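Accompanying notes for the structure given below.
Lettering follows sequence order; numbering is per chain, from 1. Basis for what follows: all heavy atoms, side chains included, without hydrogens, waters or symmetry-related copies. Quick caveat: nothing in here was measured; it's all calculated off a predicted structure.
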Protein chains: 2
Amino acid sequence: MTHIQLRPPTMADVARLAGVSHQTVSRVLGDHPNVRDETRAKVLHAIEEMGYRRNSSARALATRRTRTLGVVASNTTLYGPASTLFALEEAARAEGYVVSTVSLRRLTVETLSEALAHLSEGGVEGVIALAPQRSAVEALAELRHPFPVVAVGTGSGVEIPSVNVDQHLGARLATGHLLASGHRTVWHLAGPEDWQEAADRAEGWRSTLEEAGVEPPLPLGGDWSPLSGYRAGQELAGWVGRGLTAVFVANDQMALGVLRALREAGVRTPQDVAVVGFDDIPESEFFAPPLTTVRQDFATVGKRSIGLLLDLIEGRTPSGTSRIAIEPQLVVRASTFPYIPQPGAAPG
Amino acid sequence: MTHIQLRPPTMADVARLAGVSHQTVSRVLGDHPNVRDETRAKVLHAIEEMGYRRNSSARALATRRTRTLGVVASNTTLYGPASTLFALEEAARAEGYVVSTVSLRRLTVETLSEALAHLSEGGVEGVIALAPQRSAVEALAELRHPFPVVAVGTGSGVEIPSVNVDQHLGARLATGHLLASGHRTVWHLAGPEDWQEAADRAEGWRSTLEEAGVEPPLPLGGDWSPLSGYRAGQELAGWVGRGLTAVFVANDQMALGVLRALREAGVRTPQDVAVVGFDDIPESEFFAPPLTTVRQDFATVGKRSIGLLLDLIEGRTPSGTSRIAIEPQLVVRASTFPYIPQPGAAPG
DNA sequence: GACGTCATTGTGAGCGCTAACAATTGATGG
DNA sequence: CCATCAATTGTTAGCGCTCACAATGACGTC
């Protein structure tokens, strides 16, 4: 317990001890030029001695800048959102901003609106919304807020600035890879209908098939969980031998469930059915078999999002609707080839 | 883009419009009694009309309360930290606090100290440190900070208030379960030496064996990743038939790697070797085979941590060193029994 | 030697809010 | 009918900082 309970020292206290004016202390702290070295030293010494720390509220009040950004997110224990959150915070900190987060269980108009109000109370200068559900995105555009908002993972069809991994492209990579491997058609296990990313992946899969002159089979639906993948996998197993040889699953966790269901049904992967996932979670490489999947670059998403938000805050970017798209990448592993690459060697 | 770029209205503006004093506006906002209903209505109406929001910096300056808590964490994309973070934020928000997070790549004295400084700049009233590495914990006790700090996941051997899942107990549950199932001894794949939780789990395993009169085999070491588990698993496979029939792995991700290595070596789980993990990540139920593991209640960890920190801040708890321990729970699945329970039915 | 120039430091006025106290009003009761 | 009190509202000071500007002093120039 090394913490002081007494009234903390103010700039004036430091100034008194150093024998200068409070303004000079402020200059030293603000790294202004035109402060004599000797004076600077005196001030720094006094600061050290008193253990002085600038009061952020007073500073924020005087400058009208809190240097705080907000993030609203849901499903933060999933790999994607967690990775994005991490990248976001790191990028913001590099720019000297503090990040306040609100993690929602469910993303609805009400919870989103409460979250924005909560962050507003916290004095954020802008907000990043990790709002993958369509409903939430629409709500975002409606809500009134006294700061700029950047949407991430909402798809590009929204009326607010946004940053997205190109889901459509990712789905094309996955589906195209399966077709190129010789499969006549590709089935699809989609994510929840309400998610824009799920819709984009499904659309990418569908258009790739159509362009190849193949009639897309009826897609199945899941809720991102391994359990829903397992259930869908049981259904898919029933179609083996009746045209099903390849499945594109909308995320890795569901793919895990699918793999297990197929295995239990005596269906071999990839010999009987090839499987591709989406996300490249750290576990994917160690599934049975290791999973071919689509990797999203969350670090870049984070950096670009913060960059865009700061541009908006500083007024560097006209507050029109900017959209940034980031390319995903196909990672090929054993679930689509009849051999098992060495773990640790394969991942790029 | 529904955001106002003009100078936002102040309390005085609202007061003018409502024909009252700014203090009356403050009273309405602060839910003070002794405000006539009619007046309150006028004020609320004016607030609504102008889209007024209280300036948090001014408020914080006047009250000397920022109502902001800080969290320092590392490895936030792992299931455990991510879950704890989520629970922490939810608990803090329920108490009306905003949470600012710093996610570190590596936890060292320097990064920790920078993180605390950064949060201090952000005006936090207290900090939760998710600091599982021993070195970091020691640093925490040394560092000077102007606010209370609660350590989470540090083990109880620290000189600062802390909240922990009882790792020792968790390891006893896992090891005891294997011994009770008839195994003569249990091997152990430990986490990184520097992590207190890894040490506690190893110690729990060791003492359980010793109390059963069994000489503990030499434990292996990993870095929590599936890859390190895979490598250790290859080594463990070499000991099958020479006394190895059961392994307690320090986390689920490494257990995943172990399962794969064993499978590749032609070793069957659980018939030849039983495996127990730790954490109960959502995927564990769908491993091949579904993994017996130890579940930690992160929600409770979050709630208790915030509770303790607020007690410290409000001075409700004497700033002595409080320690809170939370019990983990064994979840039995197919990796320790020769049958496969139905997914979706088994998990409690 | 008077003047301008630059570097350095100090002074005063807020930023927008809440806390403490003062003032006003209306109701109550002897 | 006036003292008394509670309910309601207003007034005045800061909270600790930064900004704009004023003041000071050292130096060089013509």
Rounded to whole Å, how long is the line connecting atom [atom1] of [X] with atom [atom2] of [N]?
X	N	atom1	atom2	answer
B:L61	D:dT18	CG	P	12 Å
B:K42	D:dT9	NZ	C1'	10 Å
A:M11	C:dT11	CE	C1'	16 Å
B:D37	D:dT9	CG	C1'	15 Å
B:H32	C:dA20	NE2	P	10 Å
B:Q23	C:dA19	CD	C1'	8 Å
B:R16	C:dG16	CZ	C1'	13 Å
A:L29	D:dC19	CG	C1'	16 Å

Problem - B:I326 and B:V163, any side-chain heavy atoms less than 4.5 Å apart - result: yes
Problem - Any side-chain heavy-atom pair of A:L88 and A:L69 under 4.5 Å - result: no
Could you please name the option among [options] that lies closest to any side-chain atom of [X]?
X	options	value
A:T63	C:dT8, D:dG16, D:dC19	D:dC19
B:R27	D:dT8, C:dA20, D:dG16	C:dA20
B:R59	C:dG10, C:dC17, C:dT9	C:dC17
A:R36	D:dT9, C:dA19, C:dT9	C:dT9
B:A62	C:dT18, D:dA7, D:dG16	C:dT18

Exercise for the section: Check for a donor-acceptor pair, side chain of A:H118 on one end and backbone N or O of B:G96 on the other, with a separation under 3.5 Å. Expected result: no
Exercise for the section: Would you indicate what A:N55 reaches in the nucleic acid, counting non-hydrogen atoms under 4.0 angstrom: base, sugar-phosphate, or nothing? Expected result: sugar-phosphate
Problem - Between A:S57 and B:S57: side-chain donor-acceptor atoms closer than 3.5 Å - result: no
Handout entry: A:V301 and its side chain to side chain contact (heavy atoms under 4.5 Å, CB included) partner, picked from A:I324, A:V152, A:L130
Key = A:V152
Practice task
Using a cut-off of strictly less than 4.0 Å, decide whether B:S21 has a side-chain nitrogen or oxygen near OP1 or OP2 of D:dG10.
Solution key: yes
Practice task
Please determine if a side-chain N or O atom of A:S26 lies less than 4.0 Å away from the OP1 or OP2 oxygen of D:dT18.
Solution key: yes
Practice task
Take B:T24 and A:S56, find for each the nucleotide of DNA chain D with the closest heavy atom, and name the residue whose nucleotide sits nearer the 5' end.
Solution key: B:T24
Fill in the blank from the handout: Comparing A:T39 with A:H22, nearest DNA chain C nucleotide closer to 5' gives the residue A:T39
Problem - base_contact_polar (C:dG16 base, A:R64 side chain, donor-acceptor, <3.5 Å) - result: no
